[in-house]
**Q** 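Here you go, one structure.
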Amino acid sequence: MTSKLFQYFSISRDVESFRDIHSAVESDIEFKGARLWILIFAIVLASVGLNTNSTAVIIGAMLISPIMGPINGIGYSIATYDFALLRRSFKHLSFAIAASLVTSTLYFAVSPVSSAYSELLARTSPTIYDVLIALFGGLAGTMSLTTRLKGNVVPGVAIATALMPPLCTAGYGLATGQFPFFFGAFYLFTINTVFIGLSTVIFSQFMKFPIRSDIAEAQKARINRWITVVMLVTLVPSIYFGFVLVKKERFIENAGRFVRSAQVFRGDYLLRNDIDADNRRISLSYAGRSLTDESKAVLRKRAEEFGLGDATLSFEQGISFADITGDLGEKDKALAQLRNLTLTLEESRRIRDSLEQRAYTGKPLLRELRTVFPSVTACLFAEPYSFSAGDEEKPRKLAYVVISSSSGLADVEREKVKAWLKARLQNDTLRVVFEQEGELFR
């Protein structure tokens with residue numbers, strides 16, 4: 001039973017002859033003529049894909065790129081101790097890297113689009129997961145190189161290990177002077193190169209490829225030590241970055257749960273939040289009564305319950321229910337006194353200032369609204385009288401607010417604005433009108 005199961009995993013019958021494998025490796029390492037032009041075209045294609053944030057174009061560039069050849073050549077030559085082939089592989093890989101960096105740098109230097117989109121940013125922060133991708137992708141690629149079963153393995157490995165995009169991103173960093181981009185992307189390319197090569201070494205030694213030179217055991221041990229050193233130097237930073245990534249993801253998850261639990265707090269409601277995982281900072285913007293020190297302390301205590309004890313909480317008062325200076329009843333009384341000319345000049349000036357302040361109510365409303373809804377462009381506040389036919393002696397006083405916005409507010413946002421304005425102005429019968437490009441919404 002065991003032997004029958006072992007046959008399912010055995011690949012010995014699928015392996016090409018050692019002579020054919022060696023010839024295939026040798027033919028794939030050189031970058032001359034058509035192969036060099038294909039590399040340049042692939043680099044330009046990948047750069048355009050990164051520049052326009054097009055995943056499909058980037059995948060196409062990875063499929064046509066021939067850069068994996070010399071990397072396999074390095075791994076194969078180390079495993080078989082073929083030092084002449086190792087030197088040739090290093091030479092052609094170095095040339096390919098230089099040509100790729102020059103091409104991508106020139107492209108991004110002349111490109112009118114300089115924004116760093118998600119596809120480009122994804123190549124600047126390698127982690128231990130990229131090591132696993134390169135290692136197992138390299139094993140699959142080496143198996144396809146040394147066996148008769150090619151199929152879709154080679155294209156799949158080219159896409160998974162992603163050698164071209166990091167080089168293009170490194171070129172972007174050089175062209176724009178953003179050296180963290182360059183070092184992060186080039187480190188990702190180094191990870192892919194080292195661990196694809198390492199997977200080739202492992203597979204070649206496992207398949208017992210014939211050694212192609214006489215070498216002493218002491219020299220073998222020295223080469224193995226160098227392989228270990230290079231692997232560790234490449235691996236250790238990726239483990240740290242992987243730990244940082246996991247820590248950031250956990251912070252974002254816990255912060256999201258905390259924010260959802262604090263949507264409504266003691267009669268206030270959360271208008272906006274910002275989670276900064278890099279600096280472990282959470283910003284909360286509330287509408288309602290101004291948060292007291294006690295309320296802030298309670299929120300910080302709640303954050304600790306979600307594992308955010310070391311996080312920094314910052315609070316913003318987007319909209320507050322502060323009372324507007326002046327009472328409507330008192331103002332009506334003052335107007336009657338003015339009509340009877342019984343007020344002194346000083347009292348008249350004070351009332352006039354109060355009335356002007358009331359007329360300018362739209363100004364603070366606009367300022368407070370824009371802290372939460374930046375698309376709001378104008379705010380009109382008015383208190384007209386409505387006269388009804390047959391009862392003209394008893395006019396009805398109304399209050400209107402007209403909100404203008406550049407891009408419009410969603411239905412949920414309009415309801416929030418209405419609720420806040422009625423509380424802000426202490427007027428449950430307030431009428432709010434929303435305007436966008438000449439269209440009115442109630």
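Along the sequence shown, residues are numbered consecutively beginning with 1.
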**Q** Step by step, work out the side chain to side chain contact (heavy atoms under 4.5 Å, CB included) result for Ile97 and Phe189.
**A** CA-CA 10 Å; Ile97 292 173; Phe189 176 78; 3.4 Å; yes
**Q** Applying side-chain contact (heavy atoms from CB on, under 4.5 Å), can you list everything that pairs with Leu380, at least two apart in sequence or on another chain?
**A**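 Leu380 satisfies side-chain contact (heavy atoms from CB on, under 4.5 Å) with Ala382, Val402 once adjacent residues are dropped.
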**Q** With sequence neighbours left out, write down each residue that passes side-chain contact (heavy atoms from CB on, under 4.5 Å) with Ser27, or none if nothing qualifies.
**A**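 Listed in chain order: nothing, the list is empty.
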**Q** For Pro374, give me all partners under side-chain contact (heavy atoms from CB on, under 4.5 Å), at least two apart in sequence or on another chain.
**A**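 Residues passing side-chain contact (heavy atoms from CB on, under 4.5 Å) with Pro374: none at all.
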**Q** Tell me every residue that passes side chain to side chain donor-acceptor pair (under 3.5 Å) with Asp274, counting only those two or more places apart in sequence or in another chain.
**A**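 So Asp274 forms no side chain to side chain donor-acceptor pair (under 3.5 Å) with any residue.
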**Q** For Gly171 versus Phe108, what's the shortest heavy-atom pair and its separation?
**A**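 Heavy-atom minimum between the residues: C-CD1, 4.2 Å.
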**Q** Please check this pair: side chain of Ser199 against backbone of Ile196, looking for a donor-acceptor N/O pair closer than 3.5 Å.
**A**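 Indeed, once roles are kept as given, a pair shorter than 3.5 Å links the two residues.
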**Q** For residues Cys168 and Ile43, report the shortest heavy-atom separation together with the two atoms involved.
**A**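 The answer is SG-O, 3.5 Å.
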**Q** Just to verify, what does Thr200 make a side chain to side chain donor-acceptor pair (under 3.5 Å) with, not counting sequence neighbours?
**A**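 Partners of Thr200 under the side chain to side chain donor-acceptor pair (under 3.5 Å) test: Asn72, Thr142.
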**Q** With sequence neighbours left out, what residues match Ser283 under side chain to side chain donor-acceptor pair (under 3.5 Å)?
**A**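 For Ser283, the residues satisfying side chain to side chain donor-acceptor pair (under 3.5 Å) (neighbours in sequence not counted) are Ser314.
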**Q** Output every pair passing salt bridge (charged side-chain N to carboxylate O under 4.0 Å, His left out) with a member in residues 401-412, not counting sequence neighbours, ordered by first then second residue.
**A**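 The answer is Asp411-Arg414.
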**Q** Could you walk me through whether Phe90 and Ile74 pass the side chain to side chain contact (heavy atoms under 4.5 Å, CB included) check?
**A** CA-CA 7 Å; Phe90 266 119; Ile74 291 173; 3.9 Å; yes
**Q** For a 4.5 angstrom cut-off between non-hydrogen side-chain atoms, does Thr193 reach Leu93?
**A**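 They are in contact (side-chain heavy atoms under 4.5 Å apart), so the answer is yes.
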**Q** Can you tell me how far CZ of Arg396 sits from OG of Ser386, rounded to the nearest 0.5 angstrom?
**A**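 Ser386 OG to Arg396 CZ: 5.0 Å, rounded to 0.5 Å.
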**Q** Taking the side chain from Glu415 and the backbone from Val412, do they hold a donor-acceptor pair closer than 3.5 Å?
**A**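 Such a contact is absent between Glu415 side chain and Val412 backbone.
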**Q** Can you sort out the partners of Tyr107 under ring pair (Phe, Tyr, Trp, His ring centres under 6.0 Å), two or more places apart, ordered by chain and number?
**A**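 By the ring pair (Phe, Tyr, Trp, His ring centres under 6.0 Å) rule, Tyr107 matches no residue at all.
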**Q** Hey, can you tell me if Tyr385 and Phe387 have their rings parallel, tilted or perpendicular (30° and 60° cut-offs)?
**A**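 Geometry flag for Phe387 against Tyr385: tilted rings.
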**Q** List the steps, then state whether side chain to side chain contact (heavy atoms under 4.5 Å, CB included) holds for Val401 with Cys379.
**A** CA-CA 7 Å; Val401 174; Cys379 177; 3.9 Å; yes
**Q** For the atom pair CZ (Arg300) and CZ (Phe315), what is the distance rounded to the nearest 0.5 Å?
**A**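 Interatomic distance, Arg300 CZ to Phe315 CZ, rounded to 0.5 Å: 4.5 Å.
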**Q** On a heavy-atom basis, which atom in Gly73 and which in Val25 lie closest, and how many Å separate them?
**A**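 Answer, listing the atom of Gly73 first, then Val25: CA-CG1, 3.6 Å.
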**Q** Quick one: closest heavy-atom pair of Ile58 and Pro165, and the distance?
**A**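 Answer, listing the atom of Ile58 first, then Pro165: CG2-CG, 3.6 Å.
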**Q** Can I get a per-line list of side-chain donor-acceptor pairs under 3.5 Å for residues 30-40, giving both atom names and the distance, sequence neighbours left out?
**A**
residue	atom	partner	partner atom	Å
Glu30	OE2	Arg88	NH2	2.9
Arg35	NE	Glu30	O	2.7
Arg35	NH2	Asp28	O	2.6

**Q** Ring centres of Tyr400 and Phe381 under 6.0 Å apart?
**A**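 No, too far apart.
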**Q** For residues Thr169 and Phe186, determine if any side-chain heavy atom of one lies less than 4.5 Å from a side-chain heavy atom of the other.
**A**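 Side-chain contact under 4.5 Å: no.
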**Q** Starting at OG of Ser375, measure out to CD of Glu413 and round the result to the nearest 0.5 Å.
**A**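 Spacing of OG (Ser375) from CD (Glu413) equals 6.5 Å.
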**Q** So, using salt bridge (charged side-chain N to carboxylate O under 4.0 Å, His left out) as the criterion, who are the partners of Asp310 when residues are at least two apart?
**A**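 Testing Asp310 for salt bridge (charged side-chain N to carboxylate O under 4.0 Å, His left out), a comparison that skips the adjacent residues, returns Arg280.
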**Q** Looking at Lys296, I want to see if its NZ is surrounded by more than 12 non-hydrogen atoms of other residues, nucleotides or ligands under 6.0 Å.
**A**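 Correct, the count exceeds 12.
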**Q** Would a distance-only check, ignoring hydrogens and angles, find a side-chain to backbone donor-acceptor pair under 3.5 Å from Ser65 to Ala61?
**A**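 Looks like no, no N/O pair under 3.5 Å.
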**Q** Can any side-chain N or O of Asn427 pair as donor or acceptor with the backbone N or O of Thr429 at less than 3.5 Å?
**A**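 Checking the backbone N and O of Thr429 against the side chain of Asn427, a donor-acceptor pair under 3.5 Å is found.
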**Q** Within the 4.5 Å heavy-atom criterion, are Ile403 and Val433 side-chain neighbours or not?
**A**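 When only atoms from C-beta onward are counted, Val433 and Ile403 do not touch, as no gap falls below 4.5 Å.
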**Q** Does the side chain of Thr312 come within less than 4.5 Å of Asn279's, by heavy atoms?
**A**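 The answer is no; the side chains never approach within 4.5 Å.
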**Q** At what distance, to the nearest 0.5 angstrom, does CZ of Arg302 lie from OG of Ser261?
**A**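 Rounded to the nearest 0.5 Å, the CZ-OG separation comes out at 5.0 Å.
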**Q** Can you tell me how far the CG atom of Leu198 sits from the CG atom of Leu135, to the nearest 0.5 Å?
**A**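 So the CG of Leu198 and the CG of Leu135 are separated by 6.0 Å.
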**Q** Could you walk me through whether Ile67 and Met164 satisfy the side chain to side chain contact (heavy atoms under 4.5 Å, CB included) test, starting with their C-alpha distance in whole Å, then the side-chain angles of each, then the deciding distance to 0.1 Å, before giving a yes or no?
**A** CA-CA 8 Å; Ile67 200 171; Met164 299 298 290; 4.1 Å; yes
**Q** Taking all non-hydrogen atoms of both residues, which atom of Ala303 and which atom of Leu313 are closest, and how far apart?
**A**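 Of all heavy-atom pairs spanning Ala303 and Leu313, the closest is CB-CD1, 4.0 Å.
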**Q** Would you give the length of the straight line joining atom CD1 of Ile275 to atom CG of Leu308, rounded to the nearest 0.5 angstrom?
**A**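 If we round to the nearest 0.5 Å, Ile275:CD1 and Leu308:CG are 9.0 Å apart.
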**Q** Would you indicate whether Phe95, at its atom CZ, is surrounded by more than 12 heavy atoms from other residues, nucleotides or ligands within a distance under 6.0 Å?
**A**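 No, the 6.0 Å shell around CZ holds no more than 12 heavy atoms from other groups.
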**Q** What's the shortest heavy-atom distance between Leu101 and Ser104, and which atoms?
**A**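 Scanning both residues, the minimum pair turns out to be O-OG, 3.2 Å.
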**Q** Quick one: side chains of residues 228-235, donor-acceptor pairs under 3.5 Å with protein atoms, not counting sequence neighbours, listed by atom name and distance.
**A**
residue	atom	partner	partner atom	Å
Thr228	OG1	Asn224	O	2.9
Thr234	OG1	Val230	O	2.8

**Q** Can I get a per-line list of side-chain donor-acceptor pairs under 3.5 Å for residues 243-255, giving both atom names and the distance, sequence neighbours left out?
**A**
residue	atom	partner	partner atom	Å
Lys248	NZ	Asp278	OD1	2.8
Asn254	OD1	Arg257	NH1	3.1
Asn254	ND2	Arg250	O	3.4

